[in-house]
Each structure stands twice: as C-alpha cells, then as structure tokens.
**Student:** 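Let me begin by handing over the structure; questions about it come next.
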Amino acid sequence: MIRFIRQNARLLAVALAVVLFCGGVSAMFGLHDAIETGSWGLSFREEGKAPIGNADAAALRQYDAVYLGDTNEKVLYLTFDAGYENGCTAQILDTLKAHNAKAAFFVVGNYLQTAPELVQRMADEGHLVGNHTWHHYDMSRIADEATFTEELTSVAEKYRELTGQTMQKYYRPPQGVYSEDNLRMAQALGYRTVFWSLAYVDWLQDDQPTAEEAFSKLLPRTHPGAIVLLHSTSATNAAILDELLTRWEEAGYRFGSLEEIYAPDAPF
C-alpha cells in the first residue's frame with residue numbers, strides 16, 4: 001500500500017510540474033485563449049458594472065481590439081453605426097454639438113455614396129469617422145486577405161475622395177460578427193477593432209423602442225469606461241439623445257474619444 005501511494009504521488013508530482021510548466025510558458029510568452037468565431041455578445045452581471053464580453057480583454061488587446069475603456073473613470077465613448085441615412089443623423093449631430101460631445105461614426109460604402117454632406121459634417125465637427133466595411137458583409141466568412149483588404153480600403157479611399165482627409169484606422173465588424181483571422185488581418189492593415197460594452201436593440205425600423213424602453217435598457221447598464229453602440233438610423237435615438245446625454249452628464253460622466261483608449265499611457 002505504501003509503495004502504491006509513493007508511486008502515485010510521484011505521478012501526481014510529474015503531472016503538476018507539466019501543468020505549471022505549460023502555464024509558465026503561456027505567461028512567459030503572453031499567450032491567451034483562442035478567440036472563437038462568433039457574434040459579439042455581453043453578459044451583464046451587476047448593475048452599473050462593466051459586462052463580460054465574448055472574448056477576454058487581454059486576448060483582444062493582442063490584436064489591437066477593445067470593447068471597454070478605463071473602468072476606473074466615469075467616461076463614456078459614444079459610437080454610432082451608420083449603415084444608411086434615413087433622416088436622423090443631422091439631429092444626432094446637432095445634439096452632440098450642443099453637448100460638446102465627440103463621437104465615432106462607423107460608415108459603410110452606401111453611406112459614403114448617399115450622404116456625403118453628412119460625412120463631411122462629421123469630419124468638420126471633429127467626430128471620428130471609422131470603417132464599417134464597404135458592403136457590410138459577415139466578415140468572418142471572408143478568409144481571403146485580398147477581399148478583406150478591399151472591403152476596408154474601398155471605404156478609406158472614398159472617404160479621402162469626399163473629405164480630402166485620411167480616414168483614421170478604426171474598424172467595427174458588421175453586425176459584430178468576427179473571427180480571430182479577421183482581427184489579425186485588420187491589425188495587419190493598421191486598424192484597431194472596436195467592439196462595445198453597452199448597446200440595445202435600436203436598429204429595427206418597424207419596431208422602434210419607446211423612449212422609456214430605451215432608457216430602461218441603457219441607464220441601468222451604464223458603467224465607467226463604456227463604449228456605447230447606438231445606430232444613427234434610430235428615430236428613437238435621435239429623439240432621446242439630448243435627454244440621454246444630459247442624464248449621463250448629471251451622473252458625472254464625460255464623453256471621451258476612442259483615441260484615449262489607445263494612448264500609450266492609457267491605464268488599461
């Protein structure tokens with residue numbers, strides 16, 4: 001019996017050493033769990049606290065991707081996905097200007113073609129105009145680097161043609177669908193991938209939420225460092241934005257820029 005225990009103890013020690021060695025190698029080289037292909041999602045565990053994303057923040061960071069800012073400061077990063085123009089964006093821009101709040105607008109090819117004057121206004125008023133791809137495809141299905149590159153460079157080139165400015169390299173995957181290869185290819189092109197940590201169902205044109213429904217979804221889940229995703233096509237968003245920004249300001253929040261998240265001295 002004693003001999004049996006000693007033999008098994010030695011086996012256990014060897015197994016433990018292997019586990020520790022593998023863990024040490026992972027830590028030494030900064031390895032993270034693989035990022036699974038899927039649609040970006042969030043799990044809210046506690047009101048007023050940052051949610052847990054589909055992928056770990058550290059795993060995303062190795063590809064210059066983020067979904068949160070500084071969770072120790074009452075700062076919000078406003079972002080709008082702009083797939084097409086339906087008459088809401090001018091009001092949204094008016095409200096942002098009234099609050100001296102800067103936002104990021106992620107535009108697709110169709111938006112650049114049909115609403116160039118609004119894109120120019122975004123640029124003129126100091127908003128970041130980011131890349132939402134030319135066709136708004138499920139990019140996780142695109143494995144060919146040339147095709148992936150064309151989706152992003154077409155937007156950047158059209159933006160330069162319209163505004164005379166170079167598009168800042170911030171990328172949001174259409175519908176939040178992504179893969180690790182997508183993140184890698186975007187990074188290789190110099191892009192920073194931006195997900196989000198606060199959003200609600202605001203994109204259904206025939207089923208727009210009421211103001212009360214919007215506030216009930218957004219306000220309890222507001223948290224320090226939130227990257228907020230709203231859609232510029234939402235009539236509800238256009239109608240409530242002034243009150244929403246006012247409530248956030250009254251709660252002590254300020255509105256930051258995505259550049260802050262990537263600053264060399266950013267504490268996160």
**Student:** On the ring face of Y63, is R184 found with NZ or CZ under 6.0 Å from the centre and within 45° of the axis?
**Tutor:**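 Output no; distance or angle outside limits.
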
**Student:** Mind checking the CD1-OG spacing from I240 to S234? Nearest 0.5 Å is all I need.
**Tutor:**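 If I round to the nearest 0.5 Å, the distance is 7.0 Å.
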
**Student:** In terms of side-chain geometry, is the basic nitrogen of R254 or E73 positioned less than 4.0 Å from the acidic oxygen of its partner?
**Tutor:**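 Looking at E73 together with R254, the answer is yes, because their closest N to O distance falls below 4.0 Å.
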
**Student:** Would you give the length of the straight line joining atom CZ of F106 to atom NE2 of H136, rounded to the nearest 0.5 angstrom?
**Tutor:**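 Here the interatomic distance stands at 12.0 Å.
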
**Student:** By the definition side-chain contact (heavy atoms from CB on, under 4.5 Å), identify the one residue from T37, I35, L60, D138 that meets it with Y178.
**Tutor:**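 Between Y178 and the candidates, side-chain contact (heavy atoms from CB on, under 4.5 Å) is satisfied uniquely by I35.
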
**Student:** Give the intermediate values and the outcome of side chain to side chain contact (heavy atoms under 4.5 Å, CB included) for residues Y253 and T222.
**Tutor:** CA-CA 10 Å; Y253 283 94; T222 300; 3.8 Å; yes

**Student:** Given E145 and L189, is the side chain to side chain contact (heavy atoms under 4.5 Å, CB included) satisfied, shown in steps?
**Tutor:** CA-CA 10 Å; E145 289 191 21; L189 293 171; over 6 Å; no

**Student:** Supply the atom-to-atom distance D202 CG to D81 CG, rounded to the nearest 0.5 angstrom.
**Tutor:**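 It comes to 9.0 Å.
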
**Student:** Without swapping roles, check the side chain of N237 against the backbone of H231 for a donor-acceptor pair under 3.5 Å.
**Tutor:**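 Checking the backbone N and O of H231 against the side chain of N237, a donor-acceptor pair under 3.5 Å is found.
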
**Student:** Identify the two heavy atoms, one from L183 and one from A65, that lie closest to each other, and give their separation to 0.1 Å.
**Tutor:**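 So the two residues come closest at CD2-CB, 4.4 Å.
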
**Student:** Can you establish whether the number of heavy atoms outside D144 located under 6.0 Å from its atom CG is more than 12?
**Tutor:**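 It does: D144 CG has more than 12 such atoms within range.
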
**Student:** Taking 4.0 angstrom as the limit, do R247 and E243 come out as a salt bridge?
**Tutor:**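 Salt bridge: yes.
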
**Student:** If you measure from the Lys or Arg side-chain nitrogens to the Asp or Glu carboxylate oxygens, is any gap between K169 and D64 under 4.0 Å?
**Tutor:**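 Salt bridge flag = no for D64 with K169.
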
**Student:** For side chain to side chain contact (heavy atoms under 4.5 Å, CB included), just list the numbers for Y262 and V66, CA-CA rounded to whole Å, side-chain angles, deciding distance to a tenth of an Å, and then say yes or no.
**Tutor:** CA-CA 9 Å; Y262 290 93; V66 297; 3.3 Å; yes

**Student:** Same cluster or not: are L245 and L219 linked, directly or through other Ile, Leu, Val, Met, Phe, Trp or Tyr residues, by side-chain heavy atoms under 4.5 angstrom apart?
**Tutor:**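 Result: yes, single cluster for both.
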
**Student:** Show me the pairs that pass salt bridge (charged side-chain N to carboxylate O under 4.0 Å, His left out) and involve residues 149-163, at least two apart or across chains.
**Tutor:**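 For residues 149-163: K158-E161.
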
**Student:** Measure across P51 and S197 and return the closest heavy-atom pair with its distance rounded to 0.1 Å.
**Tutor:**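 For P51 and S197, the tightest heavy-atom pair comes out as CG-O, 3.4 Å.
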
**Student:** Run through Y200, Y77, W248, F255 and flag the one making a side-chain contact (heavy atoms from CB on, under 4.5 Å) with V228.
**Tutor:**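 Exactly one pass, corresponding to W248.
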
**Student:** Q205 vs N86, test: side chain to side chain contact (heavy atoms under 4.5 Å, CB included). Steps then yes/no.
**Tutor:** CA-CA 10 Å; Q205 292 304 294; N86 66 343; 3.0 Å; yes

**Student:** Considering non-hydrogen atoms only, spot the tightest contact between E125 and K102 and give its length.
**Tutor:**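 Closest pair (atom of E125, atom of K102, distance): O-CE, 3.1 Å.
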
**Student:** Considering residues at least two apart in sequence or located in another chain, which fulfil the side-chain hydrogen bond (donor to acceptor under 3.5 Å, both in side chains) criterion with Y170?
**Tutor:**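 Testing Y170 for side-chain hydrogen bond (donor to acceptor under 3.5 Å, both in side chains), a comparison that skips the adjacent residues, returns R192.
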
**Student:** Is it true that, when you exclude K217 itself, more than 12 heavy atoms of the residues, nucleotides or ligands shown sit nearer than 6.0 Å to its NZ?
**Tutor:**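 It does not: K217 NZ has 12 such atoms or fewer within range.
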
**Student:** Between the side chains of T71 and H223, does any donor sit under 3.5 Å from an acceptor?
**Tutor:**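 The criterion, which ignores hydrogens and geometry beyond distance, is not satisfied for H223 and T71.
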
**Student:** Just by distance, do the side chain of K74 and the backbone of A251 share a donor-acceptor pair under 3.5 Å?
**Tutor:**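 Yes.
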
**Student:** Checking W40 side chain against W196 main chain: does a donor-acceptor pair fall under 3.5 Å?
**Tutor:**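 Confirmed, W40 side chain pairs with W196 backbone.
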
**Student:** Going from CG on D94 to NE2 on H99, what distance comes out if it is rounded to the nearest 0.5 angstrom?
**Tutor:**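 These two atoms lie 11.0 Å from each other.
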
**Student:** Quick check for you: to the nearest 0.5 Å, what is the distance between L229 atom CG and L42 atom CG?
**Tutor:**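 Going from CG on L229 over to CG on L42, the span is 9.5 Å.
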
**Student:** For the atom pair OH (Y111) and OG1 (T233), what is the distance rounded to the nearest 0.5 Å?
**Tutor:**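 It comes to 9.5 Å.
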
